[in-house]
Each structure stands twice: as structure tokens, then as C-alpha cells.
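Report on the following structure.
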Amino acid sequence: MHNSLFSIDGQVVVITGGTGVLGRAIAVYLAEEGAKVVVLGRNAEVGNQIVDDIKKKGGEALFLVSDVMDQASVEQNCADILAKYGKVDALLNAAGGNMPGATIPPTGNFFGVKVEEFQRVLNLNLTGTVIPTQVFLKPMVEAGKGNIINFSSMAAFRPMTRVMGYAAAKAGISNFTAFMANEVATKFTSNIRVNAIAPGFFLTSQNKALLTNEDGSLTERGQDVIRQTPFKRFGKPEELCGTIHYLLSDAASFVTGTVAVVDGGFNVFAM
């Protein structure tokens with residue numbers, strides 16, 4: 001007899017930031033597992049290509065242009081999704097990023113941080129998670145069930161050098177996840193769970209130049225990351241999929257408010 005404990009077949013899963021390297025890998029995987037995937041992002045060319053790739057493999061997917069910083073935009077996305085599928089089972093808040101002015105270069109210091117860019121990074125990563133959560137939580141509450149997975153980071157656990165704005169935002173994501181898990185379960189229903197994942201170091205379009213040189217060799221920072229990663233390598237995007245699959249499924253029915261670490265051991269590294 002087939003065990004459906006891990007089944008996500010038929011779930012409507014919305015992914016913000018779905019056109020990024022990690023979002024794309026997750027979208028393709030979930031569609032292969034039977035989910036109806038809605039990719040939200042700003043790059044229509046990339047988003048439609050992801051959907052085409054999924055459909056060629058027999059999966060179900062939809063791309064919608066979205067701005068997670070614009071509540072009206074996200075509300076329109078939600079309306080369009082409900083019109084097509086009639087429900088939202090899960091939300092993956094994968095949108096995020098960094099800006100040079102919110103970081104501290106190796107030769108710089110705290111006084112060089114541009115407060116305006118620091119604020120934009122906070123808004124993109126933190127407010128850009130709060131807005132979609134507020135919008136897509138509503139149909140979940142109405143349905144009496146749902147699932148939200150936020151994207152935290154190693155920077156939320158350890159005060160890493162340079163990425164001050166991003167780290168502050170991701171620490172906020174972990175706290176927001178815990179807050180919402182309690183808020184939703186106590187005020188609405190325990191059938192809506194809120195968790196987060198904290199990826200270790202994966203090469204993406206945003207951090208590739210920071211961790212690797214043009215010839216593929218490691219930068220000084222990249223070497224430092226690998227030195228502190230017991231697995232001695234970067235993660236592969238598809239290695240996030242199993243943890244997300246678990247959190248989306250009934251196998252995690254008693255799991256909420258947690259941050260699942262997927263990092264090759266980086267967060268437990270000891271000298």
C-alpha cells in the first residue's frame with residue numbers, strides 16, 4: 001500500500017523570488033512531485049522559461065510578474081491564482097537579496113554603510129516576506145489549512161563580516177517565523193504551519209562573484225566559507241528540495257516555528 005505521508009500532489013505552491021537560481025530549482029522539483037507551482041518574480045523572460053520547462057516535463061506551472069514590496073501587486077497575484085486554481089496551499093518566501101551600500105568592503109568600516117541601501121535591503125528581505133505572508137495567509141485561513149516557508153540564512157545565526165544589512169534582515173526572518181507560527185496556530189488554526197529554511201552557501205547570481213573568481217577558483221572569502229564547512233563544498237540548489245518537500249507534507253504536521261538548517265555543517269563548525 002502506497003504511503004502518502006510525504007505526498008504534495010495537487011498542492012498549489014506559490015514561490016516568491018521564483019526566478020532566482022534556488023527558486024527555479026525548487027519550482028522544477030515541486031512540479032515533478034505533482035504540485036501546481038506558481039512562480040512569482042520580476043523577470044518575465046526567465047519566469048516564462050521556467051514554466052515552459054516544467055510544462056514540457058508534464059508539470060503544472062504559472063508565472064506572474066510580481067513585486068513583493070508592492071502590496072497591490074501581490075494582492076493581484078493572489079486574486080489571479082485563486083481565479084485559476086481556487087486555493088493556495090503553500091507559500092515559499094524566497095524573494096530577497098543584497099546591495100553594495102548595505103555591506104562593508106574588506107577595506108571599509110561601519111561608517112561607510114549607506115543607510116538608504118541598508119533600509120532597502122531590510123525592506124526587500126523582511127518586508128518583502130511580511131507582505132506576501134499577509135496576502136496569501138488570508139485564503140489559507142479561509143480554507144482552514146496551509147503552509148508557509150520563509151527563507152532565513154546562515155547570517156541569521158552568526159554575525160558574519162561585511163553583510164550587515166542582509167544579516168539583520170535574515171535574523172528578522174527567523175524571529176518573524178517564530179512569531180507567525182504562534183500567531184497563526186493560536187488565533188486561527190494549527191492546520192496552518194509556519195517554518196523557515198536556512199540555506200548554507202549555495203552559488204547564486206548574487207554571491208558568485210563574492211565567493212569565486214572568474215576562473216572558478218575560490219576568492220579569499222570563498223576559501224574561508226569552505227574551510228568552515230565540514231562537507232568542504234558549496235551546496236547544490238536541488239539539495240534544498242528534500243527539506244522543503246518534508247515541510248510541505250503531512251510528514252511535518254507537528255512541526256511549526258522552526259528554522260531547518262541545510263548547510264553542510266557550516267553552522268556547527270568548531271575549531
Side-chain angles (χ1 to χ4, degrees), residues 8 10-20 22-27 29-31 33 35-42 47 50 60-71 73-96 124-152 172-174 176-185 188-199 240-241 243-250 252-253 255-260:
I8 57 171
Q11 282 196 27
V12 176
V13 182
V14 179
I15 308 175
T16 72
T19 55
L22 302 184
R24 180 178 194 145
I26 294 164
Y29 170 83
L30 294 179
E33 292 299 314
K36 298 173 182 178
V37 178
V38 182
V39 177
L40 301 185
R42 290 181 291 185
I50 293 170
E60 172 66 27
L62 171 70
F63 171 73
L64 295 173
V65 174
S66 182
D67 179 358
V68 294
M69 295 303 302
D70 182 348
Q71 183 131 1
S73 170
V74 180
E75 287 177 346
Q76 185 61 56
N77 295 150
C78 186
D80 292 341
I81 295 166
L82 292 174
K84 182 172 179 64
Y85 295 118
K87 63 175 183 173
V88 174
D89 293 299
L91 167 68
L92 273 59
N93 281 309
L124 174 59
N125 291 278
L126 186 52
T127 309
T129 291
V130 172
I131 289 174
T133 298
Q134 192 173 59
V135 171
F136 288 105
L137 178 61
K138 290 179 182 177
M140 295 182 192
V141 169
E142 291 171 1
K145 61 179 181 178
N147 212 320
I148 296 172
I149 301 176
N150 298 322
F151 276 57
S152 184
I173 290 292
S174 294
F176 175 67
T177 298
F179 171 84
M180 286 302 298
N182 182 67
E183 177 80 359
V184 170
F188 300 112
T189 173
S190 60
N191 290 324
I192 298 175
R193 297 182 288 107
V194 184
N195 291 290
I197 64 166
L240 291 174
C241 296
T243 301
I244 290 172
H245 187 153
Y246 160 69
L247 291 173
L248 289 174
S249 74
D250 286 343
S253 61
V255 178
T256 197
T258 192
V259 179

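The first residue in the sequence is number 1, and the count goes up from there.
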Ignoring hydrogens and angles, state whether a donor on the side chain of [X] or [Y] is under 3.5 Å from an acceptor on the partner side chain.
{"X": "S66", "Y": "N77", "result": "yes"}
{"X": "T133", "Y": "N93", "result": "yes"}
{"X": "Q71", "Y": "Q134", "result": "yes"}
{"X": "T258", "Y": "N195", "result": "no"}

Task: Derivation and outcome, side chain to side chain contact (heavy atoms under 4.5 Å, CB included), residues V68 and L124 - done: CA-CA 8 Å; V68 294; L124 174 59; 4.3 Å; yes

Can you tell if the side chain of [X] reaches within under 4.5 Å of the side chain of [Y], non-hydrogen atoms only?
{"X": "L82", "Y": "P139", "answer": "yes"}
{"X": "V184", "Y": "L137", "answer": "yes"}
{"X": "F176", "Y": "E183", "answer": "no"}
{"X": "I8", "Y": "L30", "answer": "yes"}

Task: K87 atom NZ: more than 12 heavy-atom contacts under 6.0 Å - done: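 Atom NZ in K87 is crowded, with more than 12 foreign heavy atoms closer than 6.0 Å.
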
Task: From CA spacing to verdict: side chain to side chain contact (heavy atoms under 4.5 Å, CB included), E142, F188 - done: CA-CA 9 Å; E142 291 171 1; F188 300 112; over 6 Å; no

Once rounded to the nearest 0.5 Å, what's the spacing between atom [atom1] of [X] and atom [atom2] of [Y]?
{"X": "N147", "Y": "M140", "atom1": "CG", "atom2": "CE", "result": "7.0 Å"}
{"X": "D70", "Y": "I131", "atom1": "CG", "atom2": "CD1", "result": "7.5 Å"}
{"X": "F136", "Y": "I81", "atom1": "CZ", "atom2": "CD1", "result": "4.0 Å"}
{"X": "D67", "Y": "L40", "atom1": "CG", "atom2": "CG", "result": "11.0 Å"}
{"X": "L91", "Y": "N150", "atom1": "CG", "atom2": "CG", "result": "7.5 Å"}
{"X": "M180", "Y": "I192", "atom1": "CE", "atom2": "CD1", "result": "9.0 Å"}

Could you give the side-chain donor-acceptor pairs of residues 243-250 under 3.5 Å, partners two or more places apart or in another chain?
{"residue": "H245", "atom": "ND1", "partner": "Y29", "partner atom": "OH", "Å": "2.6"}
{"residue": "H245", "atom": "NE2", "partner": "F6", "partner atom": "O", "Å": "2.6"}
{"residue": "S249", "atom": "OG", "partner": "Y246", "partner atom": "O", "Å": "2.9"}
{"residue": "S249", "atom": "OG", "partner": "A251", "partner atom": "N", "Å": "3.2"}

Open item on the list: With side chain to side chain contact (heavy atoms under 4.5 Å, CB included) as the criterion, how do V38 and I15 come out once you've worked through the C-alpha distance, each side chain's angles and the decisive distance to 0.1 Å?
Closed with: CA-CA 6 Å; V38 182; I15 308 175; over 6 Å; no

Open item on the list: Using the side-chain contact (heavy atoms from CB on, under 4.5 Å) criterion, which residues pair with V65? Sequence neighbours excluded.
Closed with: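 Residues passing side-chain contact (heavy atoms from CB on, under 4.5 Å) with V65: A44, F63.
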
Task: side chain to side chain contact (heavy atoms under 4.5 Å, CB included) evaluation trace for L92 with T16 - done: CA-CA 6 Å; L92 273 59; T16 72; over 6 Å; no

